Structure formats: C-alpha cells, structure tokens
Amino acid sequence: MIKPFIQKMKSEHDKLLKEVNDSLKPNLSSSTIESYLEILRNQFSIDMLIKEGYHLLSISGLITNKIHLNVIKAKMSGKIKEELEDKIKDAEEKLTSTKNLLYETYENLKSYQGFEWLIFAYTYLRDAETSANLLRAREAVDSELFFHACLAIEMCNIFTDFIDLIKTIDEKGKKADDIKKSMKDFAFTMIQTAEYDLKTVTPEHVNNPDEEALLIKTINYLVPVMTKMFTGKNYLVAIDTAQLVIFNAELIKAAFVQAPQSYIRSLMAQKLMEFNELISKTREKGKFDAILPIFYYEKAAGPLGEPSRMIASANLSMALIGIMEKELKPSAMFTI
C-alpha cells in the first residue's frame, strides 16, 4: 500500500540529485562538498533500506536527502539570501493550510485504522511545526534557516500526501461505534503508560549527567503538555506527546546500558519473532494495522541505529502494541 508512495518520492529525489550532479562546479566551498558527500552516503543507505523493506525509514531518508539537495542547489545558484524570505513565507502558509487539513481529517474519521494512520502521519506535521518555530526565532545562519524552511514545506507535503492514503484506509477500515471515545480511551491508556514508564527511571540511570539532564528537562516540559492536550480533548497531540515521553524515558534507561551495538543487534534478532507474533495478533483482531509499532521497530532494527536509540525505539514499539491490546506484557520489553 505504501510502496507506490515511496517510488514517487524516490523518483523525485533521483531527479533532483541529477540536477545537482549536472550543476556541480569545481569551486564549491568545503561545507558544500561535505554536504554533497553526505548526500551520496545517504543515497546508498536509502537504497539499502528500500531493498531490505524498511519502508518507513526510507521515507525519512528520502526527505532528509531531498532537503539537503535543495539547499545545495540554492547555494550553488547563490540565491539562499535572496530566496530565504519567500521560502519562510511559503513554509508558514503551507503549515497553516496543512493544519487545517489535519483538523478536517481528524473530525471526519470513522475507523480505528484511520485514526492510527493519522497519529503516524502527524509525526511529520510535528516536525514541520518544530522547524517553523526555529524559523520564527531567527537565531540560525541563513543556510540553516533555508534548510528548516525546506524541511517544514517537505513535511507538510508528505503529510498532505498521507491524508489521501488515510482517507482510503479510513473508508475501508473497521468502524468504531464512537470514534471520539475510542480516541480518548487510546490517549488515556497511552498517558497511563507514559506515567508508569517515568516511575521506572531512577537516579542510577543517569550515566551521563549532561545528556540525561537534558532528556529529563525535555520530559518535564512534555508531561504537562501531554496532560493539557488530553484535558483539552486534543487526543491526537496528547498521544503523540505521550510517545515522546515514553521514548525519552526509555532513552535515559537505555543510555545507562554500556553494551556494544553487535550485542544489541543480537537482542533485536531474538525479539523479532516475538514482535512479529504480537503484530499478527493485533492485525487479526481487525482494529489496527500496527503501523505505529512497525515504524518504531524499523528504527530499532534498521541498520542505522545507535544502541540506546535502538532499545528506546524497540521498547516504544512494544508499548504501543500493548496499548492497542490493553494487555502490555513487561516481558516484551527489552531489558539488559
């Protein structure tokens, strides 16, 4: 279902890459050359992700590469400063119209699958909002601002493309008697899980005081936002924020573990069978497609992860399956 979507993105990416290749000049700055070499390395990784079936990760890779290509293209033409204000304006307008599309889609959902896919798609819109906030602050250099303007626009475009897919999924999906109540129940269980997970973070987990302190500050900011969104009946954002709380809590605990990547990958391989079994059971019940846990498990099992983020992503994926089934088994989580 998502393969044609990726093929379209890949075609657009390859066309832009050819344009940049054809425009390369011998007098590029060292930073531009390094960016271009990074794009080529990323292209190899993207091709591998697509070949290995990491569809959702490949989307993220294609987005990032496409934005870097646009920045290089603007640098080579010498028009970053000239085009920056228009690009920022386009990003703001695009974000406003895309958020309106989000609210419209949210209000018209009928099925569990449609709701789940919208939570997934919202992660792209959230990233667009983050970039828009950086643009408003105007604290970065022009090339970085240009990058974030392109990122906001691209994320909004991806979200808009996903909406067409979500509408089809929602039409065919299992209808809920009261979808808003189902959203509320999902959000409530998600928040309960996040609050429980936070209680498992202890002072002994702070292995790197600076890094973990920053994560704790992030969590302290996110928790009241999560609660406020729930009480304000904005269940979609409440769920998304709870995901971030769980991920950051798991990241603190995972960073405490000093284990080589090879050992972590062997654990992933052992858990993969259990994970696939849980996904199958979830899908058999017909409510959810399990796109959310699959997305985070791809991040965990994919070839590009670092150990702590792999564990955190895997545990978040397991938590999401448990929330969908309301029968989370602690044994499904990764412990070392």
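Worth knowing before you read on, the calculation uses all heavy atoms, side chains too, and leaves out hydrogens, waters and symmetry mates. Predicted model, so just to flag it, every value in this text is computed and none were measured.
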Ignoring hydrogens and angles, write down the donor-acceptor pairs under 3.5 Å from the side chains of residues 225-232, residues two or more places apart or on other chains.
| unit_1 | atom_1 | unit_2 | atom_2 | d |
| --- | --- | --- | --- | --- |
| T227 | OG1 | V223 | O | 3.1 |
| T231 | OG1 | T227 | O | 3.2 |
| T231 | OG1 | K228 | O | 3.0 |

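Using modelled atom types, one side-chain atom of N108 and one backbone atom of E104 make a donor-acceptor pair closer than 3.5 Å.
Using a 4.0 Å cut-off between charged side-chain N and carboxylate O, K99 and E129 make a salt bridge. Salt-bridge formation is detected for the pair K181/D185: a Lys NZ or Arg NE/NH1/NH2 atom is positioned less than 4.0 Å from an Asp or Glu carboxylate oxygen. The pair E195-K199 does not count as a salt bridge, with every side-chain nitrogen at least 4.0 angstrom from each carboxylate oxygen. Taking a cutoff of 4.0 Å between a charged side-chain nitrogen and a carboxylate oxygen, R283 and D289 do not qualify as a salt bridge.
Nearest heavy atoms, L151 versus S131: CD2-OG, 3.0 Å. Across every non-hydrogen atom of I246 and A194, the tightest pair is CG1-CA, 3.7 Å. The shortest non-hydrogen separation linking N70 to C150 is CB-SG, 4.2 Å. Scanning both residues, A290 and I279, for their nearest heavy atoms gives CB-CD1, 3.5 Å. Listed here is the closest heavy atom pair of A249 and I219: N-CD1, 3.7 Å. Of all heavy-atom pairs spanning T200 and D197, the tightest one is OG1-O, 2.5 Å.
Side-chain heavy atoms closer than 4.5 Å link hydrophobic residues (I, L, V, M, F, W, Y) into clusters, and following such links, possibly through other members, connects L316 to I291. L102 and I153 are assigned to two separate hydrophobic clusters, defined by single-linkage of ILVMFWY side chains at heavy-atom distances under 4.5 Å. Two different hydrophobic clusters hold L125 and L134 under the rule that ILVMFWY side chains link at heavy-atom gaps under 4.5 Å. A single hydrophobic cluster is seen to contain both I63 and F5, as judged by linkage of ILVMFWY side chains at heavy-atom distances under 4.5 Å, directly or through other members. Cluster membership check: I6 shares its hydrophobic cluster with I169, using side-chain heavy-atom separations under 4.5 Å among Ile, Leu, Val, Met, Phe, Trp and Tyr.
Inter-residue side-chain proximity for E144 and V71 is flagged as unmet; no heavy-atom pair is nearer than 4.5 Å. Between N157 and K94 there is a side-chain heavy-atom pair separated by less than 4.5 Å.
A side-chain contact (heavy atoms from CB on, under 4.5 Å) with I72 is found for one member of I67, L17, V20 and no other, namely V20. Of the residues listed (F120, Y122, F247), the one engaging F295 in a ring pair (Phe, Tyr, Trp, His ring centres under 6.0 Å) is F120, and it is the only one.
Taking the ring-ring contact (aromatic ring centres under 6.0 Å, His included) definition, one finds that Y112 meets it with F288, sequence neighbours left out. Applying the ring-ring contact (aromatic ring centres under 6.0 Å, His included) criterion to F275, with sequence neighbours excluded, gives Y297. Annotation: salt bridge (Lys or Arg N to Asp or Glu O under 4.0 Å) contacts of K15 (sequence neighbours excluded): none.
Checked by atom type, the side-chain pair S143/K75 shows no donor-acceptor distance below 3.5 Å.
Taking the six-membered ring where the residue is Trp, F162 and W117 present tilted rings, their angle falling between 30° and 60°.
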Query raised in the report: Should K18 and E12 be marked as a salt bridge (Lys or Arg N to Asp or Glu O under 4.0 Å) after you check the CA-CA gap, both sets of side-chain angles, and the distance that decides it?
Result: CA-CA 10 Å; K18 185 178 184 306; E12 291 171 354; over 6 Å; no
Query raised in the report: What do the steps show when you test T105 against K167 for side-chain hydrogen bond (donor to acceptor under 3.5 Å, both in side chains), and what is the final call?
Result: CA-CA 8 Å; T105 307; K167 287 178 179 177; 5.2 Å; no
Query raised in the report: For T218 and N248, what are the C-alpha separation, side-chain angles and deciding distance, and is it a side-chain hydrogen bond (donor to acceptor under 3.5 Å, both in side chains)?
Result: CA-CA 8 Å; T218 302; N248 280 284; 5.0 Å; no
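Around NZ of K10, the count of heavy atoms belonging to other residues, nucleotides or ligands within 6.0 Å exceeds 12. For K175, the NZ atom is densely surrounded, since the number of other residues' heavy atoms within 6.0 Å is greater than 12.
Residue pairs meeting the side-chain hydrogen bond (donor to acceptor under 3.5 Å, both in side chains) criterion with at least one member in residues 34-44, sequence neighbours excluded, are N21-Y36, E34-R41, E38-R41, N42-N65. Applying the ring-ring contact (aromatic ring centres under 6.0 Å, His included) test to pairs two or more places apart or on separate chains, none has a residue in residues 78-104.
Centroid-to-centroid, the aromatic rings of H68 and F147 come within less than 6.0 Å.
Note that CG of D240 is 8.5 Å distant from CE of M190, once rounded to the nearest 0.5 Å.
Within the cation-pi definition used here (under 6.0 Å to the ring centroid, within 45° of the axis), K180 qualifies as a partner of Y106.
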